[in-house]
4 protein chains.
Amino acid sequence: MPLPKIHDRRERRIARRRADILEAAMKVFAEKGIRQATTKEIAEAADIAEGTIYNYFANKEELVAEMLMYIGDVESRILDYVEGLKVDLRTFFHDYMLKRYRALEGNHRLIAVVFSEVLNTPELRDIYMQRTFMPGTKIMEDHLRTRIERGELPPMDVPTITRLLIGTILGLHLLIATGDEVTTELWADPQKFTDVLTDFLFNGLTPRSDAAE
Amino acid sequence: MPLPKIHDRRERRIARRRADILEAAMKVFAEKGIRQATTKEIAEAADIAEGTIYNYFANKEELVAEMLMYIGDVESRILDYVEGLKVDLRTFFHDYMLKRYRALEGNHRLIAVVFSEVLNTPELRDIYMQRTFMPGTKIMEDHLRTRIERGELPPMDVPTITRLLIGTILGLHLLIATGDEVTTELWADPQKFTDVLTDFLFNGLTPRSDAAE
Amino acid sequence: MPLPKIHDRRERRIARRRADILEAAMKVFAEKGIRQATTKEIAEAADIAEGTIYNYFANKEELVAEMLMYIGDVESRILDYVEGLKVDLRTFFHDYMLKRYRALEGNHRLIAVVFSEVLNTPELRDIYMQRTFMPGTKIMEDHLRTRIERGELPPMDVPTITRLLIGTILGLHLLIATGDEVTTELWADPQKFTDVLTDFLFNGLTPRSDAAE
Amino acid sequence: MPLPKIHDRRERRIARRRADILEAAMKVFAEKGIRQATTKEIAEAADIAEGTIYNYFANKEELVAEMLMYIGDVESRILDYVEGLKVDLRTFFHDYMLKRYRALEGNHRLIAVVFSEVLNTPELRDIYMQRTFMPGTKIMEDHLRTRIERGELPPMDVPTITRLLIGTILGLHLLIATGDEVTTELWADPQKFTDVLTDFLFNGLTPRSDAAE
DNA sequence: AATGAATGAGGATTCATTCAT
DNA sequence: GATGAATGAATCCTCATTCAT
C-alpha cells in the first residue's frame, strides 16, 4: 500500500512544517507580544518567506488560536485523573504543581502574552475555555467528588472550591507574569513552592499544628 | 494674590478636563478594548476634537497609564490598614472583599481589558506594580505582621502568604473576566462570595469542624 | 446666522476636496485602468497623502462608485425631455448625439475602463443601471410614447425599440473604446457622425430616397 | 517514418491538454471573472497541479489571450460569406442572428467577463480586434459590397454602415450583460428577437408600411 | 486652548510564478 | 512531464500624531 504511505509522509511533512512555524511564532510572540509581532518577523524566525505562513495557517489569528490549543493540550495533559486517585490528595496536588511547574518553566512571558490576548479576544477566550479551562475544571471536580465519596474530604461545594483552587494557581502565574519578585523566587524553588502552595490550598492562612512550618 | 488664584483655577480646569477625557477613554476602553479603541472614538465620547486629547495627554499610552494609576488609587484605598486592625482578621478580610466587590462591581470588562494591557506592555506592568500591587502588598504584609506580633496569627512566611492571598483574589477576577459561569454567579452573591472566599483563605480545602458548611 | 454659514463653508470645502480627489482618481483610472491604479498613484495625482483619500472616501471602491455616479449624472443631463419635445424627432436625436459627443469627447479611455469595471462588479453594475441606464431609458421611452401619441411615430414596441437605440449608441462607444479606426474617425467629425447615426436609427440599412446619401 | 508520428501524437496530446486547461479556465473565468479567478482555481477545475498550467501556457495572460482567440474563431465561423450570398439580405441577417444567438446562448456571463478584460487590457484589445472584430467586419463589408454591386442595396458608406450593424449587436450584448430585463427577455425569444432586430437594422425607427408591427 | 484635516509609516494578506523533486 | 510548496512583491487600509488656523 504505497499510496497511504505517501499520503502519510505528506501529512507528516505538513504537520512538521506547521509545528516549525508555530514554534517560531511562539518565540516571536513571547519576545514582542502577539500584536507587536509581525508576520514578517515570524517568517524570519521560521526562516521562510512571509507568504509561506499562509500555506499553513489561514491568517495570523489562526496561528494564535493554534498556539492556544497547543498550550491547552500541554496543560490538559498535566492533570491525570486516573493516576491522581492512586495517591493521597496532598501528594496529588504536590505532583500536579510540580508537573505544571516543569511544563511552564521559562515560558512565563509567553503565558502572559497569551493570556493578554485571551482576555482581549472573545474567540480566543472561547478556545481557552474549551481547551484548557473546562477540561482541567472537569478533572478537578471529578477528582474532588471521588475523594468526597471515599470520605477523604468533607462534603463541599465542589464547583466553587474548584474555582478557588484553579483561581489561586492562575493568580500566581499572573503575579509571576507581572514580574513580582517574591512569587518568582518562590516559583524558582519548585520543592518549596509546591510545599507552600499545597499547604495553603489545604489549610489556608491558619495552618494546623501538624502543617506548621 | 490674584495670580495664584488664576493659576489654581487654571490647574483645576486642566485637572477637570483630564478627568473628563480619562472617563470617556475608560468607557471606550471597556467597550472596545484598549488597542481597538481609537483616539477618534475617545474624542467623540468626550465630546471634544481628536487633537484636544493631545493637549492633556502626551499620547494614547499616557492615557492608558493614567487610567491604570487611577484604578490603582481606587484599589489602594480599599485596603485600610488602620481601620483593618480594629477588627478581627476574618472580619477584616470579609470587609475587604466586600469593599472590593463594590468598587469593582460592573467593571469586570474594564478590569479584563486593563489587565490584558498590563500583561502585554512592560511599561504598564511597572505602573501596575508600583501603583497597585506594591501598595496593596505592603499594607497586607504589615497587617499580617502586626497580627503575628499580637499573637493572633502563628509565625509564617508573610511575603509568600500575602502573594497567595492576593493571587487568589486576582485569579478569581480573571476567571470572571474569561467568562466562567460558576465564578460569575458566585460573585453575583456578595454575601456568599465573601463568606466562601474568606473561609477558603482561612482554612483552605479542609475546613475545620467549626467552619464546615 | 453665522453658524449655518460656517457649516456651509465646511461642506463646500469637503465637497471641493472630494471633487479634487475624484478628478485625480479619474485621471489615473483612465491612464492605468481601475484595478491597476493604486491608491498611492491617486494620492500623488491629487497631491495629497495616501491616507487623506480615506478621509473623503471609505475605500477605493467608493471612489469608483462615486465616479460612476458622476458620469451617470453627466450623461443623464444630456437627455432633455422637455426641450426635446419642442423639436422634431430627427433634430432631437441629432442634438442628443451632438451633446453626448461633446460631453464624452476625449474620455473614451475612461469610458472603456469604467465599463470594464461595471461589467465585472455587480455593485457597480447596479449603480450604472440606476443612475445612468434607467433614467436615460425612461426619458427615451416617454419621449417615444409622446411622439406616438402625437402621431409623429407609428405604434411600436417602445421598450424594445428604446433598447435598440440605446444599444446602438452604446455599441459605437465600445467600438471606439476598443480602438476601431473607422468608428473613431466617424466620431471625430461630429457633423457627419450625428448625421449618419441619426439616419441609421431612423431608416436603418435601406435609406429611403429622401435620406439617401 | 516513426518519428513524425510520435511527434504528431505528442503535438496532439499537447493540443488536447491545452484545450482541457483552456476549457477549465473558461469555466472558472465565467464564474468568477477573469481577475478574480486564481490559477489555483483553474488548476483545480482542470484537475491538474497549479504548476502544470505553466507547461502549456506562459502565464495567466496567455490563457486569457488564448480564450479570446478561441472565442474569436467561434464567432468568425458564424458569419459565412459564401452561404450568405445565396439567400436574400434579410434572410442572411436573420440566419446570422439566429446562429449567433445559438452560439452564445448561456454564455452571456463569459462574454461580459471577456469584454470587460478586453476593454481594460490593450494587449487583449488588439487580439480581439484582429481575431474577432476585423474578420467579422471584413466579411460583412464584402458581403454588403457584393450586394451593392448586384444592385440589391443602394450605394452606401459600407465601412460606416458595417460599424453601425456590428455596434448595434454588440450593444445589445452589453445590455444583457449589464442585466437589463427588457433586452434579456427579448433575447430569450430567438424568433422574436431576430425578427425585431433584423427589422430595426433594415428599416430603423420608422418602419415602412410593409414592415409595421 | 480647541480644532480636525492631513499625514504616512506600518502590516496583514494575496496570488502569479518558479523550480526542486 | 507533473507536481505543489515556496516565494515575495505588491497593495489597500488604519490610526496615532501633528500643526496650521
Side-chain angles (χ1 to χ4, degrees), chain A residues 6 9-10 13-14 17-18 21 35-44 46-63, chain B residues 10 13-14 17 21 35-44 46-64, chain C residues 6 9-10 13-14 17-18 21 35-44 46-63, chain D residues 10 13-14 17 21 35-44 46-64:
Chain A
I6 285 168
R9 207 181 294 164
R10 191 189 118 100
R13 200 195 50 228
I14 289 175
R17 208 62 129 99
R18 274 180 75 92
I21 295 172
R35 70 170 181 274
Q36 293 92 340
T38 65
T39 49
K40 192 170 160 51
E41 285 168 334
I42 293 168
E44 273 165 17
D47 203 29
I48 55 171
E50 218 176 333
T52 305
I53 295 172
Y54 292 86
N55 290 337
Y56 295 90
F57 298 90
N59 47 40
K60 193 182 167 184
E61 197 178 343
E62 189 180 297
L63 206 48
Chain B
R10 191 188 116 100
R13 201 191 52 225
I14 290 177
R17 208 62 124 94
I21 295 173
R35 64 175 183 267
Q36 293 91 338
T38 64
T39 48
K40 191 172 162 52
E41 285 167 332
I42 293 168
E44 271 164 20
D47 204 29
I48 55 170
E50 219 178 331
T52 307
I53 295 172
Y54 291 84
N55 291 334
Y56 295 90
F57 298 89
N59 48 38
K60 191 183 171 184
E61 199 178 343
E62 189 180 298
L63 207 49
V64 179
Chain C
I6 285 170
R9 206 180 295 163
R10 191 190 117 100
R13 200 195 49 227
I14 289 176
R17 207 65 130 99
R18 274 181 75 93
I21 295 173
R35 70 169 180 274
Q36 293 90 339
T38 65
T39 50
K40 190 171 159 55
E41 285 167 334
I42 294 168
E44 271 164 21
D47 203 30
I48 55 171
E50 216 177 333
T52 305
I53 295 172
Y54 293 85
N55 291 336
Y56 294 90
F57 298 89
N59 47 40
K60 193 182 167 185
E61 198 178 343
E62 190 181 295
L63 206 48
Chain D
R10 193 188 112 102
R13 202 192 50 225
I14 289 177
R17 208 61 124 95
I21 295 173
R35 67 174 181 269
Q36 293 91 340
T38 65
T39 49
K40 190 172 163 53
E41 286 168 331
I42 294 168
E44 271 164 19
D47 204 28
I48 55 170
E50 220 177 331
T52 307
I53 295 172
Y54 291 84
N55 291 334
Y56 295 90
F57 298 90
N59 48 38
K60 191 182 170 183
E61 198 177 345
E62 190 181 296
L63 206 49
V64 179

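Numbered from 1 within each chain, the chains take letters A, B, ... in sequence-line order. The figures here come from the full heavy-atom set of this structure, side chains too, leaving out hydrogens, waters and symmetry mates.
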Mind checking if [X] touches a base, just sugar-phosphate, or nothing, with heavy atoms under 4.0 Å?
X	result
C/Ala46	nothing
C/Thr38	sugar-phosphate
C/Arg35	nothing

Of all nucleotides in DNA chain F that come within under 4.0 Å of a heavy atom of chain C, which is furthest toward the 5' end and which toward the 3' end?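 The protein-touched segment is F/dT11 to F/dT14.
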Which residue, A/Ile14 or B/Glu50, contacts DNA chain F at a nucleotide closer to its 5' end, judged by nearest heavy atom?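 Final value for this comparison: A/Ile14.
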Toward the 5' end of DNA chain F, which comes first, C/Thr52 or A/Thr52, by nearest nucleotide?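 By nearest-heavy-atom nucleotide position, the 5'-most residue is A/Thr52.
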In whole angstrom, give the distance that lies between atom [atom1] of [X] and atom [atom2] of [N].
X	N	atom1	atom2	value
C/Ile48	E/dT7	CD1	P	7 Å
C/Lys40	E/dG10	NZ	C1'	13 Å
B/Arg17	E/dA1	CZ	P	11 Å

Can you name the nearest heavy-atom pair linking [X] to [Y], along with the distance?
X	Y	answer
D/Glu50	D/Lys40	OE2-N, 3.5 Å
A/Ile21	A/Thr52	CD1-O, 4.4 Å
B/Asn59	B/Tyr54	CA-CE2, 3.8 Å
C/Arg18	C/Phe57	NH2-CE2, 3.5 Å
A/Arg35	A/Lys60	O-NZ, 3.6 Å
D/Gln36	D/Glu41	O-OE1, 3.7 Å

Point-to-point distance, once rounded to the nearest 0.5 Å, from CD of B/Glu44 to OG1 of B/Thr38: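 That separation rounds to 7.5 Å.
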First locate atom CD1 of A/Ile48, then atom CZ of A/Arg17, and finally report the distance between them rounded to the nearest 0.5 Å.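 A/Ile48 CD1 to A/Arg17 CZ: 6.0 Å, rounded to 0.5 Å.
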Contact list please: residues 53-63 of chain C against DNA chain E, heavy atoms, distance less than 4.0 Å, in numerical order.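 Result for residues 53-63 of chain C: C/Asn55, C/Tyr56, sorted by number.
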Fill in the dot-bracket string of DNA chain F, one character per base: . for unpaired, | for a pair to another strand, ( ) or [ ] for pairs within the strand, taking Watson-Crick or G-U pairs under 3.5 Å. .||||||||||||||||||||
